[in-house]
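Input: a single structure, listed below in structure tokens.
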Amino acid sequence: MELKKFYLEQLEREAAASRKVVERVPEGQNSWKPHERSMELGYLTALVATMPGWLALMIDRDELDLNGAEGETFRTKPLKTRAELLQALEEGLERSRNSLEGTTEEHLMTPWRLVMEGRVLTEGPRYVSIADGALSHMAHHRGQLTVYLRLNEAKVPAIYGPSADEWH
């Protein structure tokens, strides 16, 4: 199987799981967080909603400088409504679908890097960056968000298996 086909299929599954979680986030509680060092609910939800678009960035650019001009436009900004969050998810998903469909296996083998303050934070083949820096990273933050849901008495959806809120 080609990597791009594999990633297209995985992206669809992960985006569907993220959509289910974002749909359950209570509105009007963006500033809530479980601990002083934790992310705010609004920021974390926006992060999960926008992460499906990260694959396009990793395919279409050779690097992201978090302190550069593109880094500022890339930074996650909280969104106020569930509709805005779901729209951001769908727009990022569409960009990443298009980028994956238009790429080649050879291009996925070329380097991509994340830079900040002149330091290379990560560098490696795009296919590794997509797997670790986008898809696994998305699952990690979505998992955090399900804990936030539980702590806010919202129902947690089934993602990779049954959920206590949906299995009865």
Side-chain angles (χ1 to χ4, degrees), residues 1-27 29-30 38-61 63-64 66 70-71 73-105 107-109 112 114 122 124-152 154-167:
M1 173 184 283
E2 288 183 320
L3 281 171
K4 70 182 200 174
K5 181 173 175 24
F6 174 78
Y7 285 134
L8 273 164
E9 291 176 6
Q10 188 174 12
L11 175 64
E12 294 297 335
R13 288 190 309 272
E14 295 299 323
S18 291
R19 191 179 299 111
K20 286 175 22 177
V21 174
V22 168
E23 287 171 344
R24 306 252 177 128
V25 172
E27 289 187 304
Q29 297 184 32
N30 275 359
S38 298
M39 290 181 215
E40 290 185 349
L41 176 63
Y43 179 84
L44 180 58
T45 306
L47 183 61
V48 169
T50 57
M51 288 181 88
W54 288 15
L55 284 76
L57 172 82
M58 293 173 172
I59 293 168
D60 299 340
R61 299 180 185 194
E63 73 175 28
L64 173 63
L66 289 173
E70 75 267 1
T73 60
F74 176 74
R75 290 191 194 280
T76 303
K77 294 158 190 72
L79 300 167
K80 293 188 179 178
T81 67
R82 186 174 298 112
E84 290 174 314
L85 291 158
L86 292 170
Q87 179 179 347
L89 190 151
E90 296 305 327
E91 289 171 357
L93 177 57
E94 187 62 26
R95 283 192 309 276
S96 289
R97 277 186 195 126
N98 291 337
S99 294
L100 279 165
E101 289 167 355
T103 197
T104 65
E105 296 298 291
H107 184 67
L108 292 173
M109 301 298 163
W112 185 84
L114 180 64
T122 62
R126 285 174 211 277
Y127 77 93
V128 173
S129 297
I130 289 168
D132 296 345
L135 296 168
S136 293
H137 197 169
M138 183 185 337
H140 161 74
H141 284 303
R142 189 177 55 237
Q144 284 181 300
L145 189 52
T146 63
V147 173
Y148 282 39
L149 291 180
R150 175 70 68 225
L151 294 173
N152 278 279
K155 291 188 183 284
V156 176
I159 297 173
Y160 297 117
S163 160
D165 293 328
E166 294 182 353
W167 186 261

- Give a yes or no answer on whether the side chain of Lys77 reaches the backbone of Arg75 with a donor-acceptor pair at less than 3.5 Å. yes

Heavy-atom closest pair (Tyr148 atom, Leu41 atom, distance to 0.1 Å) is CD2-CD1, 3.7 Å

Could you walk me through whether Glu84 and Lys80 satisfy the salt bridge (charged side-chain N to carboxylate O under 4.0 Å, His left out) test, starting with their C-alpha distance in whole Å, then the side-chain angles of each, then the deciding distance to 0.1 Å, before giving a yes or no? CA-CA 7 Å; Glu84 290 174 314; Lys80 293 188 179 178; over 6 Å; no

Is there a side-chain contact between Glu90 and Gln87 (heavy atoms, below 4.5 Å)?
-> no

Would Glu91 and Thr50 count as a side chain to side chain contact (heavy atoms under 4.5 Å, CB included) here? Give the steps. CA-CA 8 Å; Glu91 289 171 357; Thr50 57; over 6 Å; no

Heavy-atom closest pair (Val22 atom, Arg82 atom, distance to 0.1 Å) is O-NE, 3.8 Å

Between the OG1 atom in Thr122 and the CD atom in Glu63, the distance rounded to the nearest 0.5 Å is 10.5 Å

inquiry  = Ring-plane angle category for Trp54 and His137, please: parallel below 30°, perpendicular beyond 60°, tilted otherwise.
reply    = perpendicular

Output for pair (Leu55 CG, Tyr7 OH), nearest 0.5 Å, gives 8.5 Å

One should read off an interatomic distance between Thr45 OG1 and Gln144 CD, to the nearest 0.5 angstrom, of 10.5 Å

When rounded to the nearest 0.5 Å, the distance separating CD of Glu14 from OG of Ser136 is 8.0 Å

request  = Examine distances only and state if a side-chain atom of Arg142 and a backbone atom of Ala49 form a donor-acceptor pair shorter than 3.5 Å.
outcome  = no

Rounded to the nearest 0.5 Å, the CE atom of Met58 sits from the OG atom of Ser96 at a distance of 9.5 Å

*Side-chain donor or acceptor of Ser163 paired with backbone N/O of Val156 under 3.5 Å*: yes

Next item on the list: Flag the pair Leu135 / Met51 as yes when at least one side-chain heavy-atom distance between them is below 4.5 Å, and no otherwise.
Entry: no

Mind checking whether Glu166 and Lys155 have side chains closer than 4.5 Å, heavy atoms only?
no

What one should report as the nearest heavy-atom pair of Ala158 and Gly161 is CB-O, 3.1 Å

Lys4 and Glu105 have their tightest heavy-atom pair at N-OE2, 3.2 Å

Has the side chain of Trp112 got a donor or acceptor atom that lies under 3.5 Å from a matching backbone atom of Ser129? no

Exercise. Got Glu40 and Pro78 here, is their nearest side-chain heavy-atom distance under 4.5 Å?
Worked result: no

*asked:* Any side-chain to backbone donor/acceptor pair from Asp165 onto Pro157? Under 3.5 Å, distance only.
replied: no

When every non-hydrogen atom of Leu11 is compared with those of Pro52, the smallest separation belongs to CD1-O, 3.9 Å

inquiry  = Within the structure provided, determine whether Leu145 and Val25 are in side-chain contact (heavy-atom separation under 4.5 Å).
reply    = yes

Rounding to 0.5 Å, atoms CD1 (Ile59) and OG1 (Thr103) come to a distance of 5.5 Å

query = Can we say Arg19 and Glu23 salt-bridge, meaning some charged N sits less than 4.0 Å from an Asp/Glu carboxylate O?
reply = no

